[in-house]
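Please read the structure below before turning to the comments.
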There are 2 protein chains.
Amino acid sequence: MQDAPKATLPEGGKARRVYLLLRDEITGGRFGPGAVIPGEQKLAEQFAVSRVTIRRALDGLEADGLIARRAGSGTTVIGGGQAGPAISADMTTLIPQLVEMSARTEARMLSFAYGPPPVAAARALGLTEGQKVQTAIRVRLIEGQPFSHLTTHVPEAIARHYSEGDMATTPLFRLLERSGVRVDTGHQTVSAALASPDVADALEVSVGTALLSVRRVVRDADGRGVEYLSALYRPDMFRLEMDITRVGEGGARHWEPVIAPEAESEAAPA
Amino acid sequence: MQDAPKATLPEGGKARRVYLLLRDEITGGRFGPGAVIPGEQKLAEQFAVSRVTIRRALDGLEADGLIARRAGSGTTVIGGGQAGPAISADMTTLIPQLVEMSARTEARMLSFAYGPPPVAAARALGLTEGQKVQTAIRVRLIEGQPFSHLTTHVPEAIARHYSEGDMATTPLFRLLERSGVRVDTGHQTVSAALASPDVADALEVSVGTALLSVRRVVRDADGRGVEYLSALYRPDMFRLEMDITRVGEGGARHWEPVIAPEAESEAAPA
DNA sequence: AATATCTGTACTATGTATCATACAAATTTT
DNA sequence: AAAATTTGTATGATACATAGTACAGATATT
């Protein structure tokens, strides 16, 4: 919906790259709705390409319904374009999130196998050489639209307690707890990554799209690693939101996340 | 350092895109150090390009010292490659962060002006038509290496209390408080974005690199918007880290961020 | 020792996206 | 009404990356 312009731009070309960049700025909010974006001539200079190329990129954006062009006047960003992400995870109120999440979304299994873990996962989980893990790659969809690409690694001994079918219906942390694991702590790293061909395909976005990356290591009460998650999210459908507040005095004055804000205050701003 | 391979790849070409994607997967940890990456033939299929093109991309990675190639054996990821980000902001322990931050980094002003705000900022800050804001674009560096691109919008009435020069030395939130603003709450949105030419130039990365995007609205005790921040971070130099813990029982069981973990436990894992 | 796999190297031909340029039409500004 | 700005349309030439292919060298596997 957001991706794949009608008149598909050449896969490896500059026009497409410009198209992706501009789209990113529009949906990302750098150009708000109604804003007049620079003229084609100026854009051509900024991106160091010819006006023809800019033009092709704009064609794509127009086909996507993101911009409106008027000869003589200029090109403007369509208002309705940025309807905001379908899902926004509030780091501090994950409670309603999870419930809502399971209800509104479904998971599709792309790959499921037991084998040696990637080095990064092995180290994070503290596995010894030769230990196998269950590696599952899933895509999560909301209303038929894919929004996240999940790769999980679980030590074989734990993973054997549930089946492949279970993963399509039940959140992994619940499966783990059902398997007798006392899920306790986790460590998350949030970053950004590009969509590689396989991921792009699964998420139905262009190769080279910017994705939000979350990597999580989960440990049980004894500190043993029980899950290694690598998630990639479409930024146009999913965002991390958090409220922060200013606390402390003097030199120790700093920001702190708000843990439990008003219960059901659904964010959903512009 | 991470960017700009010696034998510069053609700017608009496929080879460069493949190079960026592969580099992203390596530095992003998808291929851990020591891991053997697929053969050139297989990569060529995956990316749907010729082997020559894959080869060119690998040349770039090799020049960056990210991979080692051995005829007959294959191509492996260099261990030292992912030394981890220079800075990792722990959402939950921002106290030492800020101090360390100011000490180790410097800010370079790219642009400074008063004028009408972009629509997105105007709405977020709740400004009325015609109200001007101070718009400052800065780049933050650590040890001479740029790692973040900051665009701030502050209502003119507030911004007039400090000077352009102040921004190079003092964190903005401190300037605001010095101006009599009672900084109180904020709302953050974390996402991902692509590096546009101007940003890429400032951060010394390739155009089209994936960046971590943080957008923050800050309000005073009366709920008035006092600052609109749009920050872009290089994922290879900056990450958001957070510890989470599992709390609650039964249906209400969920994750929650850990607010005050052991004081100085510097993360810096693999 | 033989075989398979992988990287290293070289060459040509093809395609096609890109550029440069010019002019027309629509709109805003003076 | 005139001038300036902006999008719309068209075309031809060129450059340059890409694909395809073939073979040699290195290493691992059997």
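Naming: A, B, ... by sequence-line order, numbering from 1 per chain. Heavy atoms only: backbone and side chains are in, while hydrogens, waters and symmetry mates are out.
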Just the rounded figure in Å: distance from [atom2] of [N] to [atom1] of [X].
{"X": "Asp59(B)", "N": "dG8(C)", "atom1": "CG", "atom2": "P", "answer": "8 Å"}
{"X": "Lys14(B)", "N": "dG15(C)", "atom1": "NZ", "atom2": "C1'", "answer": "10 Å"}
{"X": "Phe47(A)", "N": "dC19(C)", "atom1": "CZ", "atom2": "C1'", "answer": "18 Å"}
{"X": "Ile67(B)", "N": "dT7(C)", "atom1": "CD1", "atom2": "P", "answer": "9 Å"}
{"X": "Tyr19(B)", "N": "dA17(D)", "atom1": "OH", "atom2": "C1'", "answer": "18 Å"}
{"X": "Ile54(B)", "N": "dC6(C)", "atom1": "CD1", "atom2": "P", "answer": "14 Å"}
{"X": "Arg56(B)", "N": "dT9(C)", "atom1": "CZ", "atom2": "P", "answer": "15 Å"}

Check: Between Lys42(B) and dT5(C), is there a side-chain N or O to OP1/OP2 distance below 4.0 Å?
Finding: no
Notebook entry, point to check: Between Thr53(B) and dA17(D), does any side-chain N or O lie under 4.0 Å from OP1 or OP2?
Noted result: no
Notebook entry, point to check: Is it true that a side-chain atom of Thr209(A) and a backbone atom of Val205(A) form a donor plus acceptor pair closer than 3.5 Å?
Noted result: no
Check: Is the backbone of Ala193(A) close enough, under 3.5 Å, to the side chain of Asp24(B) for a donor and an acceptor to pair up by distance?
Finding: no
Note to self: Whether the Tyr19(B) and Asp64(B) side chains hold a donor-acceptor pair (N or O, under 3.5 Å, no angle test) is what I'd like checked.
What the structure shows: yes
Margin query: Taking the axis from the first five pairs and the axis from the last five, what angle separates them in the helix from dA1(C)-dT30(D) to dT30(C)-dA1(D), rounded to 10 degrees?
Written below: 40°
Notebook entry, point to check: Think Arg138(B) forms a cation-pi with Phe112(B), using NZ or CZ under 6.0 Å from the six-ring centre and within 45 degrees of its axis?
Noted result: no
Margin query: Both conditions, 6.0 Å and 45 degrees, for the charged tip of Arg239(A) above the ring of Tyr233(A): are they met here?
Written below: no
Next item on the list: For Thr75(B), enumerate each residue passing the side chain to side chain contact (heavy atoms under 4.5 Å, CB included) test, keeping only those at least two apart in sequence or located in another chain.
Entry: Ile37(B), Ile67(B), Arg69(B)
Check: What's the spacing between Arg234(B) CZ and Glu204(B) CD if we round to 0.5 Å?
Finding: 7.0 Å
Margin query: Nearest 0.5 Å, please: how far is CZ in Arg108(A) from CD1 in Ile137(A)?
Written below: 14.5 Å
Give me, pair by pair, the N or O atoms of the protein and of nucleotides 2-7 of chain D that are less than 3.5 Å apart, along with how far apart they are.
{"unit_1": "dT6(D)", "atom_1": "O2", "unit_2": "Gly72(A)", "atom_2": "N", "d": "2.9"}
{"unit_1": "dT7(D)", "atom_1": "OP1", "unit_2": "Thr75(A)", "atom_2": "OG1", "d": "3.4"}
{"unit_1": "dT7(D)", "atom_1": "OP2", "unit_2": "Glu40(A)", "atom_2": "N", "d": "3.0"}

Note to self: The side chain of Val49(A) is closest to which nucleotide in this list: dC19(C), dA19(D), dA17(C)?
What the structure shows: dC19(C)
Note to self: Between the side chains of Lys132(B) and Glu156(B), is the shortest nitrogen-to-carboxylate-oxygen separation below 4.0 Å, so that they form an ion pair?
What the structure shows: no
